[in-house]
Amino acid sequence: MGKYINPGNEGFAEIRRDIYVDKTGLIAYINDLIGKPKPLVSFSRPRRFGKSYTANMLCAYYDAGCDSRELFEDLQIAHADSFKTMLNQFNVISFDVTGFIKTSVNRKMNALERMQKALLSELKETFPGCVDEEEDDVGNALYSVVTKGNRKFVFVIDEWDALFREFKEDQQLQRDYILFLRGIFKNKDVTPKTIAAAYMTGILPIKKYGTESALSDFKEFTMADPLILSEYVGFTEAEVCTLCSRYDIDFEEMKQWYDGYSFEDTKSVYSPNSVMSAIKFRRFRNYWTQTETFESLKQYIGENYDGLKDAIILMLGGQRVKIDINTFQNDFTSFDNKDDVLTLLIHLGYLAYDQQKEEAYIPNREVSEVFRVATRGGQWKEVECAIGQAEELLEATIRCDSDSVAKALELVHEECTSVLKYNDENSLACAIYIGYFTAKNYYMIVRELPSGKGFADYAFIPRRGTDKPAMIVELKYDKNADTAIRQIHDNRYGGVMKKYFGELLLVGINYDKDAEGKDAKRHQCVIERK
């Protein structure tokens, strides 16, 4: 068992002894690539989305230096035709790029050199007599090993993009690193003879230069477009439902906190680390601020690109924004516009992306809380002020104090529209969502809940253990609050709530942006207790 070559299966054995979700179907996909042209996969995902778990799984399965049958024979891959023929049949080279950075004394100058030196040294030691001592090229060394009768290699590279993250400005180092990878995976004389398969994972997709991928032979799967591997991005709803049943956890709470990533083939994807943490600690909370990318979030939402702040506030207000992800160069410095920053946040997991509608949005309550923390202070004083009044607004609503609710909404709406470039129905909806931001501690807030003859604008469904009343909120624009209340009655929006809760508040809110005069009220509110 080596450090980088054939590292064994203990890492995966430890994973199986913990809370475990079977993701071995990914192995079957990679098995189907072996023996075909370009069996190379790059699958980028955010921090805490199971990348290292997958790396350990692949090492254990392919490593010819160990016997992993017992670890896999009760899992999904065991039903695949390729299970036995590929199990423990290859030399594996596995490494985490961050390891070379952390152990380097002069990090900037030596990270890539240390990587090459370590791999060459272990190749020479593991396969004595196969590699010349003077050989200084990893690709050539692999070729020498295989042509002398040894098995082909499966590469498993974790945190492949670490050099791009750690040395954002060092373009020469980045280009040297890409050339190093191309020498292994894009050498037509060497790669087909030495590489059985490769799997790279990291946060960023493969670096682009202009419109072209720097490693075009890799099949790419990303948070913006995971294609047929979408079920392996995180936990699916069926998997989370099973976990909640097994560990006696409230599934609806889990869904509100950690669901929200959605792809064409898999409509509901959860953050794995957050789900597992909630199970282990038996507490629903924000686990994202414990990741190293949290500081990056604060940095990038402060970028001074026209329309960026506007977009962030809209998404904090529960809305979606149209973006173009195609100009992003897959690094941390080449930003030309707000869409590049928002695309980065998709890859970091702080935003979800609807590929069909080309819209970005905040996926769930956990990430919404992360944004709230990240927008404290600095240029986000308007948002901080609006959210700071949320408890007062909620309590005034529950007291049926219509005048206080209207005044509080006036302040929140003014704060939001002082930033937004328009003042319409969307800005009002945004103000409502931000104004009731902390209500998520007591309610599941559902926008456009199907109810009666139509859709209620907002339904506030009390969480377990709270004594607060359920609420239906209907919004009107340039009409009046009484009209909003009548619509709730006429469309019987409250009916769907009554079977769950005894007390129900009907809240009608109107905004008249053209109201003028001393006694004019731009915001009106009517509240009925049922």
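The figures that follow rest on heavy atoms only: side chains count, while hydrogens, waters and symmetry mates do not.
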Gap separating the CG atom of D324 from the CG atom of N337, nearest 0.5 angstrom:
7.5 Å
Exceeds 12 heavy-atom contacts within 6.0 angstrom, atom CD of E391
yes
Is it the case that the ring center of Y261 lies less than 6.0 angstrom away from the ring center of F49?
yes
Ion pair E410/K407, N-O distance below 4.0 Å:
no
Closest non-hydrogen atoms of D265 and I228, given as atom of the first, atom of the second and distance, are OD2-CA, 4.1 Å
Looking at F43, is R45 sitting on its ring face, NZ or CZ under 6.0 Å from the six-membered ring centre and within 45 degrees of the normal?
yes
Result for ring pair (Phe, Tyr, Trp, His ring centres under 6.0 Å) between Y443 and one of Y458, F460, Y436 points to F460
Ring-plane angle category for F335 and Y305, please: parallel below 30°, perpendicular beyond 60°, tilted otherwise.
perpendicular
Partner set under salt bridge (charged side-chain N to carboxylate O under 4.0 Å, His left out) for R399, not counting sequence neighbours
D401
Using a 6.0 Å cut-off, check whether atom NZ of K440 has over 12 heavy atoms from anything other than its own residue.
yes
Here the gap from L345 atom CG to M223 atom CE, rounded to the nearest 0.5 Å, amounts to 12.0 Å
Return the CG to CG distance between L344 and D331, rounded to the nearest 0.5 Å.
9.0 Å
Could you tell me if T236 and E231 have a donor-acceptor pair between their side chains, going purely by distance under 3.5 Å?
no
Using the salt bridge (charged side-chain N to carboxylate O under 4.0 Å, His left out) criterion, which residues pair with R464? Sequence neighbours excluded.
D250
Indicate whether the side chain of Q172 and that of D176 have a donor and an acceptor atom separated by less than 3.5 Å.
yes
Could you tell me whether R282 atom CZ has more than 12 heavy atoms of other residues or ligands within 6.0 Å of it?
yes
Side chain to side chain, I432 and L409, heavy atoms closer than 4.5 Å
yes
Run the side-chain contact (heavy atoms from CB on, under 4.5 Å) test against Q299 and tell me which residues pass, sequence neighbours left out.
E303
Which of parallel (below 30°), tilted (30 to 60°) and perpendicular (above 60°) describes F328 and H347?
parallel
Report yes or no: is the cationic atom of K468 (NZ for Lys, CZ for Arg) under 6.0 Å from the centre of the six-membered ring of Y442, at an angle within 45° of the ring normal?
yes
Are D340 and T343 close enough that a side-chain donor and a side-chain acceptor fall under 3.5 Å?
no
Nearest atoms (heavy-atom pairs only) where K51 meets P46:
NZ-O, 2.8 Å
Side chains of E237 and Y270: is there a donor and an acceptor less than 3.5 Å apart?
yes
Whether the Q329 and S334 side chains hold a donor-acceptor pair (N or O, under 3.5 Å, no angle test) is what I'd like checked.
no
Evaluation steps, side chain to side chain contact (heavy atoms under 4.5 Å, CB included), between Y177 and W160
CA-CA 10 Å; Y177 177 49; W160 89 270; 3.8 Å; yes
Think R165 forms a cation-pi with F167, using NZ or CZ under 6.0 Å from the six-ring centre and within 45 degrees of its axis?
no
Would you say the side-chain atoms of S368 and R365 include a donor-acceptor pair closer than 3.5 Å?
no
Quick one: closest heavy-atom pair of Y258 and R285, and the distance?
OH-O, 2.8 Å
If you draw a 6.0 Å radius around NZ in K479, do more than 12 non-hydrogen atoms from other residues or ligands fall strictly inside?
no
Just how far is it from atom CG of L243 to atom CD of E239, taken to the nearest 0.5 Å?
7.5 Å
May I have the step-by-step check of side chain to side chain contact (heavy atoms under 4.5 Å, CB included) for L506 and H489, ending in yes or no?
CA-CA 9 Å; L506 309 183; H489 285 296; 3.5 Å; yes
Under a 4.0 Å threshold between the charged nitrogen and the carboxylate oxygen, would R320 count as salt-bridged to D354?
yes
